[in-house]
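Each chain gets a letter, A, B and so on, in the order its sequence line appears, and its residues count up from 1.
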Protein chains: 2
Amino acid sequence: MVRQGEGGPVAVTLGDVARHAGVSLATASRVLNGSTRTVTGDLAAKVKASAETLGYLPNAPAQALARATGATLGVLLHDVADPYFGAIARGVGYAAAKAGLLSLVISTDGDPERELHAIRMLHAQRVRAIVLAGSAYSDPETGRRIDQALAAYRAQGGAVAAITDHGPAYDTVLPANRQGAAKLTRALLALGHRRIAVITGPERMRVAEERLGGVLDTLAAAGLAVPERWLQRAEFSRDGGRAAIGRILDAGAADERPTAVLALSDICAAGVLAELRDRGIGVPDQVSVAGFDDIPLATDLAPALSTVRLPLLRMGEEAVRLALTGQGNGGVRRVELAAEPVLRASTGPCGAGGPTPRCANP
Amino acid sequence: MVRQGEGGPVAVTLGDVARHAGVSLATASRVLNGSTRTVTGDLAAKVKASAETLGYLPNAPAQALARATGATLGVLLHDVADPYFGAIARGVGYAAAKAGLLSLVISTDGDPERELHAIRMLHAQRVRAIVLAGSAYSDPETGRRIDQALAAYRAQGGAVAAITDHGPAYDTVLPANRQGAAKLTRALLALGHRRIAVITGPERMRVAEERLGGVLDTLAAAGLAVPERWLQRAEFSRDGGRAAIGRILDAGAADERPTAVLALSDICAAGVLAELRDRGIGVPDQVSVAGFDDIPLATDLAPALSTVRLPLLRMGEEAVRLALTGQGNGGVRRVELAAEPVLRASTGPCGAGGPTPRCANP
DNA sequence: ATGAAAGCGCTAACAC
DNA sequence: GTGTTAGCGCTTTCAT
């Protein structure tokens, strides 16, 4: 009942190598795939030579079956084509490669159902680890099912690590969203801005909430509050940002505008910049704009975007490290990664553009 | 000799489901994983119920071993974090998901050795297909070894598809690099530009050569040639573009400047724009700039970048389709995808900025 | 240090 | 339509 690659010659197996080298299957396995047991250098050489001449390539699924765990790992994210996730995927891939693993990347577009399905697929694949990079924001019901799926996976020896908070159950890499946001806010205050608008993400999105918290707390500490019309929620996308700034600008007269707009994601900020340009509003002269993440694009926007730098690649690498080391030993581990503001051309001192903007408290 | 997920309970197997449902292994297999054979609706329901209550999850490696082919596919590219490749990876992932496959993505940074190694890993995984998305430019020696590795993979039933030309051996998705470049060039000519500089990619990079060919031929047809100092090679990266435009500008006096610069990749063009801005050279007033690819970033640059739109997502999807359908039937298939110029704010009529630029033939 | 052999979980002949 | 059974290629115990 042997099926084989459609019409192709069947692959060279370990058995072939063993026979060719005149040793047992066990010995061949030991030399070709790291075992604790040791083999005479003499035989080892012979086996290697045979493998080489025969062009032996191990059958990974067979190994995975026998070892009960594969040489792969999975990453769950919203969209690989999004620069934020692309960079994380790269970091994960890099660390995976260093550990001899291949990485399966799955774009879920933030759809919890697809996320759930993806977890099951990865579990079925017996991946060594799952990295959660999409900022999960699901209804409690689906959230619970996702946690269950993950728990089942872990119960069978799988490792899970999260990037940004996905609940207390997982080892997680935490960029300093809150502190980064606070620092950026202080920088804006130092520039004299008092009339600050904020564009944040969907309500259930943890990263967004953290960042928003950092902003609002800092503002509060300075005795400031953000009027409701200047606090907009938007998808973390270009169009989301564009629409949000539109709402802010349309909410009041021209002299009732904020002097600074803080978009809690760079991709959003790009939309803000675009809309501002279309409306002929000068940045940073009439209004300062800042983002968050420091995706590569940030430098290339005009004006170059002030933002908070997140070590995206590093976040991916760190998550893999977390997942691959000492899982299940002590309690849950959390590694915090610093996030520093980077001030570029899109922000300037309040009132720089002339007498128009009022820099006082709204 | 049963090893199991570190300390965890062992997984529910098909056997468990069969026993629980009171049917044979074969029957359970047939209902749970599509077989041609049909099963009574009655039994089928029972099996499904058992699988559900037991929380059965198939063991993909075991299936792959038994079927001699896995439920995965691999994509080889330079760097997922690069917007061009990120979009392609997304398209591949999308099509893969539609076919019920998971996708392994590997960033090789264009290193032929790593590419070779990656192919072997993917082959070992028994992936169903390999998509070549990195524009291969290797020395002939490594190129040959890569072709061999791919041939071995195909000999065992693997499918290969390429995005952009990777040699005559593979089914390939061909964006109209040459025609797109030609059309863009004609658009520049129509704007009155005659003094055109070109920034292309590394010499061995096929895509770059195709695009360059399109530009040069079109120019030649108009009786124009690009002076050597205005034809620069650069890595397809931001810094590559930046350095290249620097060389062009430094090559002559200010009145010896090109009136238009054609960068054969958007990411390069972003660098060009940055350098121009730093030098205080107005775009498009003093010099027009255009790119190639139409990555999402292009719209967000200031001025928004004129470029050639490539259907990146579609390219990825199409490659998967190619790989997954009728491989090995007729000869090699090539699907051409249109590439249309998109004129935005970074290009303008020659001489628009005042009397300075000479729009005549250099 | 080496070999023989028993599975890992599943699929697909083949028989009924 | 359903069950029996022989592998798929590899790892790992167990004996030598």
Any A/Q63 side-chain N or O less than 4.0 Å from OP1/OP2 of D/dC10:
no

What integer distance in Å separates B/K46:NZ from D/dG1:C1'?
14 Å

State plainly whether the residues B/E113 and B/R145 are in salt-bridge range, i.e. N to O under 4.0 Å.
yes

Looking only at C/dA4, D/dG3, D/dG1, the nucleotide nearest the B/R30 side chain is D/dG3

When you compare the side chain of B/V332 with that of B/P168, does any pair of heavy atoms fall below 4.5 Å?
no

In whole Å, what is the span from the CD atom of A/Q156 to the P atom of C/dC8?
15 Å

Between the base of D/dG9 and the side chain of B/R126, is there a donor-acceptor distance below 3.5 Å?
no

Find the distance A/Q125:CD to C/dC8:C1' and express it as a whole number of Å.
16 Å

Axis-to-axis angle for the helix from C/dA1-D/dT16 to C/dC16-D/dG1, ends of five pairs each, to 10°, equals 30°

I want to verify a distance call: between C/dT11, D/dG3, D/dC10, whose nearest atom is closest to the B/S29 side chain?
C/dT11

From CG of B/N33 over to P of C/dA12, roughly how many Å is that when rounded to an integer?
9 Å

Under 4.0 Å between a side-chain N/O of B/T40 and OP1 or OP2 of D/dG1, yes or no?
no

B/L14 atom CG is separated from C/dC8 atom P, nearest whole Å, by 14 Å

In terms of side-chain heavy atoms of B/A26, which of D/dG9, D/dT11, D/dG3 is nearest?
D/dG3

When you match B/A62 and B/G22 each to their closest nucleotide on DNA chain D, which lands nearer the 5' end?
B/G22

Can you see if the side chain of B/S24 gets near the phosphate of D/dT4 - specifically, an N or O under 4.0 Å from OP1 or OP2?
no

Of the candidate nucleotides D/dT2, D/dG9, C/dT11, which contains the atom at the shortest distance from the side chain of B/V39?
D/dT2

Partner set under salt bridge (charged side-chain N to carboxylate O under 4.0 Å, His left out) for A/D16, not counting sequence neighbours
A/R19

Where the side chain of A/T13 meets the backbone of A/G15, is there a donor-acceptor pair that is under 3.5 Å apart?
yes

Rounded distance (Å) that lies between atom P of D/dC8 and atom CG of B/L25:
18 Å

Which residue pairs pass the side-chain hydrogen bond (donor to acceptor under 3.5 Å, both in side chains) test when at least one of the two sits in residues 87-106 of chain B, sequence neighbours left out?
A/D79-B/R90, A/D109-B/R90

Please check if the side chain of A/T69 supplies one atom and the backbone of A/R128 the other of a donor-acceptor pair under 3.5 Å.
no

Quick one: is B/T13 getting a side-chain N or O under 4.0 Å of the C/dG9 phosphate, OP1 or OP2?
no

Any Lys/Arg nitrogen of A/R314 or A/E317 sitting under 4.0 Å from an Asp/Glu carboxylate oxygen of the other?
no

Nucleotide D/dG9, atom C1' - distance to CG of B/L65 in whole Å:
6 Å

Length of the line joining B/R19:CZ and C/dG9:C1', which is rounded to integer Å
12 Å

